[in-house]
Participant: 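Can you read through this structure? Questions will come right after.
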Amino acid sequence: GQQLNQNPQSMFIQEGEDVSMNCTSSSIFNTWLWYKQDPGEGPVLLIALYKAGELTSNGRLTAQFGITRKDSFLNISASIPSDVGIYFCAGPKGGGSEKLVFGKGTKLTVNP
Amino acid sequence: DGGITQSPKYLFRKEGQNVTLSCEQNLNHDAMYWYRQDPGQGLRLIYYSQIVNDFQKGDIAEGYSVSREKKESFPLTVTSAQKNPTAFYLCASSIVRGRFPGPQHFGDGTRLSIL
C-alpha cells in the first residue's frame with residue numbers, strides 16, 4: 001500500500017534558524033497536506049497543496065508540491081520556540097479515496 | 001465557533017469494560033474519521049464514515065465499533081476485545097468534494113488508559 005516517508009524523524013535547532021523537512025512516497029499523490037501537532041492536542045492543518053509544482057506560504061511556513069508528485073517539502077524560516085511540535089505530512093490513499101495516509105512525523109525542538 | 005469537540009479529554013478503562021469516546025462537529029462536514037496515535041507512530045485509521053448511517057473499517061478496526069446516526073456525531077466504542085487500548089484517540093472531519101478529499105480537521109483528542 002501507499003506509504004509516506006518523512007525525514008528527518010527529529011530535529012534540534014537553535015531559535016532563529018531555518019528548518020527544512022520533506023515527505024516522499026513511492027506512488028503519485030494528487031494532494032499534499034502538512035499538519036502540526038502540539039503535545040496533547042490534535043493536529044492542526046498548516047498548508048494544503050493541490051497542484052504539482054505549487055508553492056504555498058503561511059506566514060513563516062512555505063510548502064512545495066514536488067514536480068514528480070511523489071514528494072513535498074516544508075520549510076520554516078526564522079524558527080521561534082512555539083514552532084516546537086510534530087509535523088506530519090499526509091495525502092489521499094489513492095483512487096479518489098477519502099482516506100488519508102500519514103507520515104510518522106518530524107519532531108522539532110527549538111532551543112531558545 | 002465551528003469545530004470538532006472530543007470528550008472526555010482523559011478516560012480510564014477497567015479490564016473487560018467497554019468505553020465510548022464522543023466526537024461532535026458543527027462544521028457541517030459529511031465525512032468523519034477516528035484515528036489512533038501511539039508514541040513514535042503516525043496516525044492509524046480505525047473507522048470512517050462519509051454519510052449518515054454508513055461507515056467503513058479502516059486499517060485497525062478490530063476491537064472497536066462506531067455509529068453514525070447523526071451527521072454531527074461519530075462516537076467510538078473501545079470494546080473489551082481491544083487488548084491494547086492505551087493510546088491517544090483523534091477524531092477528524094472533512095467535506096466531501098468529488099474525487100479529492102477535503103483537508104481533515106481534528107479534535108483535541110482523548111487519551112485512554114487502562115486501570
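Residue numbering restarts at 1 for every chain, and letters A, B, ... go by the order of the sequence lines. Heavy atoms only: backbone and side chains are in, while hydrogens, waters and symmetry mates are out.
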Participant: Is the NZ atom of B:K14 crowded by more than 12 outside heavy atoms at less than 6.0 Å?
Facilitator: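 Counting other residues, nucleotides and ligands, NZ of B:K14 stays at 12 neighbours or fewer.
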Participant: Got more than 12 heavy atoms from elsewhere within 6.0 Å of NZ, A:K107?
Facilitator: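 No, because the 6.0 Å sphere around NZ of A:K107 holds 12 heavy atoms or fewer from other groups.
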Participant: According to a 4.5 Å side-chain heavy-atom criterion applied to Ile, Leu, Val, Met, Phe, Trp and Tyr, with indirect links allowed, do B:F74 and B:I4 form part of one hydrophobic cluster?
Facilitator: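 Cluster IDs for B:F74 and B:I4 differ.
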Participant: Tell me, side chain or backbone of B:Q56 under 4.5 Å from chain A's heavy atoms, or both, or neither?
Facilitator: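 Answer is neither: B:Q56 stays 4.5 Å or more from chain A.
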Participant: Apply side chain to side chain contact (heavy atoms under 4.5 Å, CB included) to A:F88 and B:L43, showing your working.
Facilitator: CA-CA 9 Å; A:F88 291 100; B:L43 280 65; 4.1 Å; yes
Participant: Decide if atom CD of A:E15 counts as having more than 12 heavy atoms of other residues, nucleotides or ligands within a radius under 6.0 Å.
Facilitator: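 Count over threshold, so yes.
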Participant: Flag yes if more than 12 heavy atoms outside B:I51 fall under 6.0 Å of its CD1 atom; otherwise flag no.
Facilitator: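 Counting neighbours around CD1 of B:I51, 12 or fewer heavy atoms of other residues, nucleotides or ligands fall under 6.0 Å, so no.
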Participant: Please say whether more than 12 non-hydrogen atoms of neighbouring residues, nucleotides or ligands are located less than 6.0 Å from CD in A:Q14.
Facilitator: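 Correct, the count exceeds 12.
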Participant: Ignoring hydrogens, what is the shortest heavy-atom contact between A:K99 and B:Y48? Give both atom names and the distance.
Facilitator: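 That closest heavy-atom pairing would be CD-CE2, 3.2 Å.
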Participant: Looking at every heavy atom in both B:L90 and A:P43, which two are closest together, and how far apart are they?
Facilitator: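 Closest heavy-atom pair between B:L90 and A:P43: CD1-CD, 3.8 Å.
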Participant: I'd like to know if A:I13 and A:L74 are part of one continuous hydrophobic network [Ile/Leu/Val/Met/Phe/Trp/Tyr, side-chain heavy atoms within less than 4.5 Å].
Facilitator: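 As far as the 4.5 Å side-chain criterion goes, A:I13 and A:L74 are connected within one cluster.
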Participant: Give, for atom CG of A:L45 and atom OG of B:S94, the distance between the pair rounded to the nearest 0.5 Å.
Facilitator: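 The CG atom of A:L45 sits 11.5 Å away from the OG atom of B:S94.
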Participant: With a 4.5 angstrom heavy-atom cut-off, which part of A:Q37 approaches chain B: side chain, backbone, both or neither?
Facilitator: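 Side chain of A:Q37 only, per the 4.5 Å heavy-atom cut-off to chain B.
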Participant: Between chain B and each of A:G105, A:S10, A:G40, A:G103, count heavy-atom pairs under 4.5 Å; write down the option with the most.
Facilitator: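 Most heavy-atom pairs under 4.5 Å with chain B: A:G40.
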Participant: Kindly say whether B:H105 contributes a backbone atom to a donor-acceptor pair with the side chain of A:Y35 at under 3.5 angstrom?
Facilitator: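 Side chain of A:Y35 to backbone of B:H105, a donor-acceptor pair under 3.5 Å: no, none is there.
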Participant: Examine whether an atom of B:L45 lies under 4.5 Å from a heavy atom of chain A, and if so say whether it belongs to the side chain, the backbone or both; otherwise answer neither.
Facilitator: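 For B:L45, the contact with chain A is made by the side chain alone.
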